[in-house]
Amino acid sequence: MIGEKVQGEELNRWLEGIAAFNATPGEGITRGVYTPEFQGARRYVKNVMIAMGLEVSEDCLGNIFGVYPGTDPDVAPVWTGSHIDTVPGGGKYDGLAGVFAGLEGVAAMIRAGVRPKRPISVNVYAGEEMSRFGVCCIGSRALSGRLSAADLKDHADPDGMRLYDKLKELGYNPDDFDQEFPLKTKVHGSLELHIEQNDKLEKAGVPVGVVTGICAPTNLRCRVIGVQSHAGGTSMTDRRDAYMAAAEMSLALERLAQTSASAYITATVGEMRLTPGAANVIPGRAEFSVDVRSVDGDDKTELVELWRDEVRAIAGRRDVDVDLTPLNDDAPLTCDPHFGDVIRDQADALNIPHMDLISGPYHDSLMLGDLMPAAMVFIPCKDGISHDRKEAIDLDDLVKGTAVLAESLYQIANE
Ligand code: HGY
Ligand code: MN
Ligand code: MN
């Protein structure tokens with residue numbers, strides 16, 4: 001069995017090796033897309049792929065493809081992999097577990113001396129996290145056709161640097177965008193392993209999750225313009241306080257999500273930027289991020305519409321101006337049922353317990369689902385913690401998840 005050839009020590013070595021590419025040692029992992037740490041981590045993964053004898057290529061946005069050729073070069077490949085960029089002060093396993101599980105799954109096939117009919121491509125998708133350019137899933141979004149060449153010039157970082165210019169500065173070729181995207185070739189399907197980023201598997205004591213649906217994000221940027229004035233000299237009745245208006249809008253967002261009838265919906269304000277940001281000045285400007293997720297697209301649309309109405313009412317009451325900029329409004333994904341059955345069957349064959357669940361977080365698979373059948377394998381993370389330095393896994397769970405992934409990939413690559 002291929003699964004028995006999976007080596008935990010190799011997985012751990014790779015995970016520890018790539019963790020060195022980090023802008024905040026001792027403060028969690030910070031590896032933003034297109035930063036020096038990201039560039040170093042890309043080189044690390046490509047060296048692992050080359051050492052394994054995979055055929056390595058990349059596209060103009062920096063998506064990396066490490067291909068294990070099949071016995072039939074003329075049939076569509078099977079894809080696996082994930083991302084290597086992180087949130088600021090994040091963990092070692094979000095995305096990385098999936099990249100190295102894919103590579104270790106192929107390594108196990110090589111050790112077992114087996115080669116499936118279809119090529120298997122282990123991919124690293126560029127920029128899965130919400131980047132400083134205000135767009136997430138850059139690489140997989142481009143592959144799926146949800147990102148255009150014009151978007152590269154519309155999206156800029158807080159310093160005003162356009163994504164296009166950053167790509168050029170780093171030696172990528174964004175002018176080749178329309179030749180390469182959306183993906184022009186057929187792919188038989190995608191399987192991605194990822195940490196659960198919640199605690200359902202851990203609470204159930206189950207090492208493998210079969211993902212049936214992936215929530216999708218709607219992201220907006222909200223800018224509130226009030227009047228900057230003196231904290232002591234301005235009476236409480238004369239204020240047009242941009243922050244307090246933003247705070248009331250944020251609480252309205254939270255209340256709408258808490259009281260929604262949706263099966264699963266979340267709303268988060270993760271960034272808040274005040275101007276001028278001084279203790280004795282009433283902020284004249286507040287800019288904040290809005291992140292709404294649901295596994296039901298209609299529930300998400302309804303919540304955002306209700307919230308827009310409340311934002312307008314709050315702005316009117318507080319006599320401030322408000323500007324809402326949509327960044328992305330992605331549709332949730334129902335994972336491929338057949339691939340889900342393959343994963344369950346392979347877990348059973350390996351005597352590994354498994355359970356079905358949905359994914360609150362989005363993943364590159366959400367984008368790839370536009371192009372091909374896509375499914376995911378989850379493994380537990382300690383206390384459900386992710387996007388934090390305390391993110392941790394049990395290596396034995398990763399070995400089990402990788403074994404299930406490897407056997408499932410092999411099964412699907414022989415279809
Ligand atoms: O935010 C997310 O859902 C993912 O972890 N990037
Ligand atoms: Mn992730
Ligand atoms: Mn993440």
Side-chain angles (χ1 to χ4, degrees), residues 15 18-19 22 28-33 37-38 41 45 63 80-102 123-141 144 146-147 190-200 209 211 213-220 257 264-271 289-295 300 327-333 335 357-369 374-381 384-393 398 401 405:
L15 287 162
I18 204 166
N22 175 17
I29 306 285
T30 301
R31 188 182 306 127
V33 70
E37 301 74 37
F38 177 78
V45 175
N63 291 316
T80 187
S82 191
H83 63 96
I84 60 172
D85 60 304
T86 73
V87 296
K92 289 182 180 176
Y93 306 103
D94 174 1
L96 295 136
V99 169
F100 292 124
N123 303 340
V124 178
Y125 304 106
E128 188 267 358
E129 299 293 357
M130 179 51 77
S131 67
R132 66 183 190 280
F133 297 99
V135 58
C136 65
C137 294
I138 295 172
S140 51
R141 192 180 291 276
S144 73
R146 298 191 195 188
L147 190 75
S190 164
L191 284 185
E192 176 181 4
L193 181 142
H194 204 285
I195 57 172
E196 181 194 348
Q197 297 177 305
N198 201 331
D199 61 0
K200 291 187 171 45
V211 180
I214 305 175
C215 289
T218 295
N219 294 96
L220 306 99
Y264 189 86
I265 197 161
T266 63
T268 310
V269 174
E271 281 177 275
S289 63
V290 175
D291 179 298
V292 180
R293 316 275 178 100
S294 176
V295 73
K300 193 162 58 125
L327 296 172
N328 53 275
D329 180 15
D330 294 313
L333 178 73
C335 294
L357 72 179
I358 62 160
S359 173
Y362 63 78
H363 302 284
D364 290 304
S365 296
L366 178 71
M367 303 295 155
L368 299 177
M376 294 188 74
V377 175
F378 270 1
I379 63 166
C381 51
I385 291 172
S386 180
H387 282 190
D388 183 280
R389 70 171 84 171
K390 293 192 291 296
E391 188 179 276
I393 62 167
L398 179 56
L405 177 77

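First listed ligand is number 1; within each ligand, the first listed atom is number 1. For the single chain, residues carry numbers from 1 onward in sequence order.
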Exam field: side chain S190 to backbone A374, donor-acceptor pair closer than 3.5 Å | no
(Q) Just checking: D364, one of its N/O/S atoms, less than 2.8 Å away from the Mn ion (ligand 2), yes or no? (A) no
message = Pair D364, H83 - check side-chain hydrogen bond (donor to acceptor under 3.5 Å, both in side chains), show working.
response = CA-CA 8 Å; D364 290 304; H83 63 96; 5.4 Å; no
The atom of E129 among N, O or S that is nearest the Mn ion (ligand 3) is OE2
Next on the checklist: Would you say the Mn ion (ligand 2) has H363 as a near neighbour, meaning an N/O/S atom of that residue under 2.8 Å away?
Outcome noted: no
Rounding to 0.5 Å, atoms CG (D330) and SG (C215) come to a distance of 12.0 Å
Exercise for the section: Give a yes or no on whether H387 keeps an N, O or S atom under 2.8 Å from the Mn ion (ligand 3). Expected result: yes
Among N, O or S atoms, H194 approaches the Mn ion (ligand 2) most closely through NE2
Ligand 1 to P361, heavy atom cutoff 4.0 Å, flagged ligand atoms 3 (O)
Closest to atom 6 (N) of ligand 1 among protein heavy atoms sits E129 OE1, 2.8 Å
Parallel, tilted or perpendicular, judged at 30° and 60°: which one describes the rings of H194 and F378?
tilted
Looking only at heavy atoms, the pair that brings D85 and V33 closest together is CB-N, 4.1 Å
Per side-chain contact (heavy atoms from CB on, under 4.5 Å), E128 is matched among C137, P361, S140 by C137
shortest atom 5 (O) of ligand 1-to-protein heavy-atom contact is with H387 NE2, 3.1 Å
Has R293 got any heavy atom lying under 4.0 angstrom from an atom of ligand 1? yes
I84 and V99 have their tightest heavy-atom pair at CG2-CG2, 4.0 Å
In ligand 1, the atoms that come under 4.0 Å of a heavy atom of E128 are 4 (C), 6 (N)
The N/O/S atom of D94 lying closest to the Mn ion (ligand 2) is OD1
| message | Below 4.0 Å from ligand 1: does a non-hydrogen atom of Q197 turn up there or not? | response | yes
Nearest heavy-atom contact between V135 and M130 is N-SD, 3.7 Å
